[in-house]
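Shown next, in structure tokens, is the structure this report addresses.
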2 protein chains.
Amino acid sequence: MPKLWNETIASHRHTVHEAILTATAELVSEHGLLSVTMSQIAERSGIGRATLYKYFPDIEAILRAWHERQIACHLHQLGELRERGGPPGERLQVMLEAYARISSGRFSHDHAVLELAAVLHTGAHVVEAEQQVHDLFKELLTEVAEVGGLRDDVAPDELATYCLHALSAARSLHSESAVRRLVMVTIAGLRPAR
Amino acid sequence: MPKLWNETIASHRHTVHEAILTATAELVSEHGLLSVTMSQIAERSGIGRATLYKYFPDIEAILRAWHERQIACHLHQLGELRERGGPPGERLQVMLEAYARISSGRFSHDHAVLELAAVLHTGAHVVEAEQQVHDLFKELLTEVAEVGGLRDDVAPDELATYCLHALSAARSLHSESAVRRLVMVTIAGLRPAR
């Protein structure tokens with residue numbers, strides 16, 4: 001049964017891979033970005049150092065994989081909200097709030113992890129993810145326009161760009177309620193002209 | 001007359017300093033960021049290489065000084081608009097348009113210079129300048145609130161943060177008219193609730 005055997009190996013590798021990323025994020029959050037070592041990561045993941053090096057050549061590679069996983073997770077969240085039923089206007093509000101919370105970094109509650117994300121927040125995978133988020137919002141805004149809930153003097157494409165930048169202000173805000181107010185102000189900019 | 005003599009020297013040094021920055025910006029724009037040399041900069045500035053090194057240790061130091069000059073120039077522009085007379089609502093529109101144009105980089109018409117600004121757009125002088133721009137907008141929004149032209153359910157401080165982030169979308173837009181639409185949408189978010 002070579003196929004099953006291969007599947008078992010793949011699944012095991014996936015489990016170890018995930019354990020390494022989680023252990024690294026925990027260690028960064030406990031000790032800061034610069035004091036984490038490959039030995040600590042191996043120990044926390046429950047594997048030997050030699051095994052760890054079979055998965056990742058260095059800490060930077062682990063951090064990058066962790067960051068890619070975070071971004072994929074956020075995209076998945078937004079994509080799921082996009083697919084939900086209900087009136088487009090309500091779905092838009094829910095998605096804008098989810099994106100603002102992601103931008104605020106409040107999901108991580110952690111300075112070291114935020115700092116890390118800022119350092120890593122460059123590169124092709126980020127550009128591609130931003131494009132995907134933009135497209136999600138553009139599609140949803142187009143639906144809202146079809147039911148008359150959107151201003152009609154600016155294209156959904158440009159309004160999506162406006163939304164994503166306006167909501168990036170969540171990073172500078174210091175409370176959940178300020179983030180909710182930001183979403184409310186951003187939505188006010190999208191409404192049909194009086 | 002030692003005082004006059006000192007003034008002459010200071011003024012001469014200032015002129016040379018400015019000539020070096022301008023020459024460097026021109027060369028970066030002509031040849032790209034990575035192919036500019038200290039010799040070319042000296043030649044274009046009309047000074048010797050040895051003299052150039054008395055002003056700046058390397059190209060990075062020149063580029064950083066050039067970037068600081070750009071930022072100071074933008075702050076000065078915004079500060080002047082802030083001081084102008086007229087109804088606060090109109091001044092707000094003018095300042096938001098000016099800031100959007102600055103953010104769009106359309107004043108420079110030049111990919112290499114924009115790329116350069118992106119590379120340099122970190123560091124204490126940038127953080128301080130952003131705080132100053134935020135304060136300019138916060139003050140003006142407070143004035144607009146006093147004449148009843150602003151929504152009263154969100155503080156001017158938070159609305160200033162919203163404006164600056166929303167207008168940073170100008171960087172992703174591809175025409176002057178798109179930038180004007182962005183300003184219109186951003187202002188719609190600021191209006192008193194219906």
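Proteins come first, then strands; the chains are lettered A, B, ... in the order of their sequence lines, and each starts at number 1. Computation of the quantities below employed the complete heavy-atom set of this structure, encompassing side-chain atoms and omitting hydrogens, waters and symmetry-equivalent molecules.
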Problem set entry | Region of A:Leu159 that comes under 4.5 Å of a non-hydrogen atom in chain B |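 For A:Leu159, side-chain heavy atoms alone lie under 4.5 Å from chain B.
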Problem set entry | Region of A:Asp153 in contact with chain B, defined by heavy-atom distances below 4.5 Å | both
Problem set entry | Minimum heavy-atom distance between B:Val154 and A:Met184, given as atom pair plus value |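 Scanning both residues, the minimum pair turns out to be CG2-CE, 3.7 Å.
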For this session: Provide the closest heavy-atom pair for B:Val185 versus A:Arg151 in the form atom of the first, atom of the second, distance.
Result: CA-NH1, 3.7 Å
Problem set entry | Spacing of NE2 belonging to B:His174 relative to OG1 belonging to A:Thr161, to within rounding of 0.5 Å | 8.0 Å
Exercise. Around atom CD of B:Glu43, are there more than 12 heavy atoms of other residues, nucleotides or ligands at under 6.0 Å?
Worked result: no
Exercise. Is the closest side-chain heavy-atom distance between B:Ser172 and A:His165 below 4.5 Å?
Worked result: yes
